[in-house]
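Chain identifiers are assigned alphabetically (A, B, ...) following the order of the sequence lines, protein sequences preceding nucleic acid strands; residue numbering begins at 1 within each chain. We use all heavy atoms of the structure for the numbers below, so side chains are in, but hydrogens, waters and symmetry mates are not.
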Number of protein chains: 2
Amino acid sequence: MTTLSAPYLVRHDPGVRPTMKDVATAAGVALKTVSRVVNGEPGVHPATAERVRAAIDRLGYSRNESARVLRRGRTATIGLVIEDVADPFYSGLSRAVEDVVIGHDCLLLTGSSGEKPVRERELVETFCTRRVDGLIVVPAGDDHTYLRPELEAGTKVVFADRPPGAGLDVDTVLADNAGGAEQAIRHLLGHGHHRIAFLGDDPAIYTAAERHRGYREALGGLYDPRLVSMRPPTLEGVRADLDRMFALDRPPTALFTGNGRYTVTTLRALAGRPIALVGFDDFELSDLLQPGVTVVAQDPSWMGRVAAELLFRRLRGDVGPPEHIQLPVRLIPRGSGELP
Amino acid sequence: MTTLSAPYLVRHDPGVRPTMKDVATAAGVALKTVSRVVNGEPGVHPATAERVRAAIDRLGYSRNESARVLRRGRTATIGLVIEDVADPFYSGLSRAVEDVVIGHDCLLLTGSSGEKPVRERELVETFCTRRVDGLIVVPAGDDHTYLRPELEAGTKVVFADRPPGAGLDVDTVLADNAGGAEQAIRHLLGHGHHRIAFLGDDPAIYTAAERHRGYREALGGLYDPRLVSMRPPTLEGVRADLDRMFALDRPPTALFTGNGRYTVTTLRALAGRPIALVGFDDFELSDLLQPGVTVVAQDPSWMGRVAAELLFRRLRGDVGPPEHIQLPVRLIPRGSGELP
DNA sequence: ATGAAAGCGCTAACAT
DNA sequence: ATGTTAGCGCTTTCAT
């Protein structure tokens with residue numbers, strides 16, 4: 001006897017997956033019974049369920065989620081658009097979002113926009129095409145009218161870290177950017193500094209603009225545009241701007257850096273030259289540098305968690321007016337901000 | 001006239017999305033024609049295509065990917081299982097994978113296992129249920145027999161950073177962990193050290209075990225188990241182990257730390273006590289500390305890129321025997337490893 | 001150049 | 001406790 005036809009020896013062609021129907025045939029039951037077992041629905045005799053489960057294992061069956069989603073409408077999927085997973089701020093935020101999403105038995109789709117509005121939109125549209133139930137977006141662009149059809153179709157959207165462009169009133173979770181900058185500047189003023197430079201991202205980026213606003217307001221009459229540099233944080237660029245500022249008649253005696261990446265780049269550009277410095281965003285090892293780096297710390301995990309929980313509240317049916325949550329930041333003195 | 005019935009004023013009920021059929025009706029064509037336009041298939045009169053596109057915009061239509069996938073079989077989706085997105089090594093790897101995946105017009109699903117085998121398996125199974133075309137896995141567990149049905153169904157799998165458990169011969173992309181550790185130890189030996197401690201993760205983690213193996217082999221007769229600590233990198237734990245080692249008759253004069261997280265924790269536990277140190281993994285600011293931290297650097301982006309490209313090669317139909325790619329590492333002297 | 005019909009694998013609604 | 005049927009929105013195949 002060379003032909004083995006016992007069901008447990010059946011080998012499927014690569015690429016051909018068993019379906020519920022195959023399982024049903026193998027177990028000698030109707031398709032619906034398999035469905036019941038797979039979904040843990042009641043009303044199946046234990047012995048029958050056991051037979052079905054055996055068939056599932058034997059065939060290596062796994063449910064086709066696309067078919068399920070098509071039928072049910074709900075995907076149990078959330079989309080997250082951030083700027084860059086490789087940036088510690090966003091990877092921390094991502095992890096927190098992932099944890100909340102997992103806790104709701106959902107899947108998370110994540111994508112990096114790389115600060116490109118086109119890519120942001122592509123990601124959102126890709127996610128919508130996959131019918132995510134909700135979206136958390138750290139926007140790169142400032143026109144979000146393309147989201148309208150999605151919102152009308154019932155997709156819930158929460159913006160995090162930065163607000164949407166004009167004309168879209170949805171939930172937001174933002175940090176107190178301006179307030180944090182003011183705190184930083186008042187701290188430096190309190191330590192006797194009057195010439196405080198600002199080094200930050202392009203003002204097109206909301207957080208950079210807000211932090212600059214806080215800086216400017218806290219400085220009042222001391223504000224001097226020659227002490228402001230707003231551009232992408234390249235080492236060469238920062239170095240050039242520092243050189244320019246240090247060559248002024250009245251050079252800066254303190255620096256305020258507009259985000260974590262900027263702080264690190266600035267420290268590198270300073271190459272050990274001691275100068276008072278406060279940075280926006282905490283970062284790993286800020287405490288181990290000499291001197292420790294004084295920062296205005298945000299909590300990326302907190303932001304992620306709050307945004308995700310707000311989103312799930314909406315998905316549960318909360319239809320109140322859009323919420324605008326502002327998360328506080330806090331100044332952590334470590335030495336660099338207390339230099340004379 | 002109060003009833004506006006112009007098609008462009010139609011508002012859909014929330015949650016009710018227009019389908020191809022709706023677009024077809026609105027444009028006065030058959031469903032198949034809409035499909036042709038949406039997919040850029042030829043054989044549609046330009047004027048007709050224009051009408052269809054107008055209807056698409058008017059209705060805010062977006063294709064339902066689940067239906068498409070169900071019909072076509074292919075999802076154009078890749079799954080990535082890592083240990084933790086918030087770890088810079090894995091977020092760097094993720095970003096590289098994402099870039100390659102995007103370049104192939106695919107979607108990436110990412111999940112963190114948190115070093116838990118159960119969660120690793122859940123993630124893989126969730127991804128398979130969504131019918132990913134391929135998987136890149138940084139395994140947390142050492143039993144991957146559960147992957148068999150997926151492999152048989154044609155899902156391509158590449159393991160990265162760590163190999164699969166026994167009995168599964170699939171593509172792997174690993175770093176030269178043992179070789180890197182040997183380099184580190186020889187470097188320290190060359191600087192006159194004979195008592196070199198190893199601080200690393202639990203040996204159940206492949207990379208930790210390999211690095212310990214390299215450490216041990218490079219030390220030869222100088223190996224002393226009392227100078228070895230392998231456990232999760234908590235500050236208290238590392239501190240306790242360091243205290244224990246420093247209290248020995250012949251305490252260590254140099255440390256080798258088994259990964260980036262360990263290096264940072266150890267530096268914190270040392271609290272400025274100067275001692276020769278080489279760490280596995282490079283990390284941000286390693287150059288700005290005093291002294292700079294000598295490391296054996298891997299390139300997480302490179303690993304991600306290589307793994308993703310290998311995966312797409314398989315998806316393109318390359319059916320050669322499993323490949324086992326080893327990526328070199330390199331020692332970067334920065335000061336801490338050159339202390340006497 | 002355009003369309004009609006079948007069916008992907010599943011779940012919901014309704015029998016039995 | 002179990003089965004039958006219809007249909008989710010799309011692509012495929014085969015007309016016209």
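- A 4.5 Å side-chain heavy-atom check between A/Phe159 and A/Val173 finds every atom pair outside the cut-off.
- Within the structure, the side chain to side chain donor-acceptor pair (under 3.5 Å) test picks out no pair touching residues 42-54 of chain A (sequence neighbours left out).
- A donor-acceptor contact under 3.5 angstrom links the side-chain atoms of B/Arg36 to the base of C/dG3.
- Contact between the side-chain N/O atoms of B/Asn39 and the OP1/OP2 oxygens of D/dT11 is found at a separation under 4.0 Å.
- Contact between the side-chain N/O atoms of B/Thr48 and the OP1/OP2 oxygens of C/dT2 is found at a separation under 4.0 Å.
- OP1 or OP2 of C/dT11 sits under 4.0 Å from a side-chain N or O of A/Arg68.
- Between B/Pro46 and B/Arg72, the residue whose closest nucleotide on DNA chain C is further toward the 5' end is B/Pro46.
- Of the possible polar contacts, one joining the B/Ser112 side chain to the B/Val85 backbone as a donor-acceptor pair under 3.5 Å is found.
- Applying the ring-ring contact (aromatic ring centres under 6.0 Å, His included) test to every pair with at least one member in residues 46-70 of chain B, sequence neighbours left out, gives no pairs at all.
- Contact between the side-chain N/O atoms of B/Arg63 and the OP1/OP2 oxygens of D/dT11 is found at a separation under 4.0 Å.
- In the region residues 27-35 of chain A, proximity to DNA chain D at under 4.0 angstrom, judged on heavy atoms, holds for A/Val29, A/Ala30, A/Lys32, A/Thr33.
- Residues A/Phe312 and A/Ile78 have side chains in contact (heavy-atom distance under 4.5 Å, counting atoms from C-beta outward).
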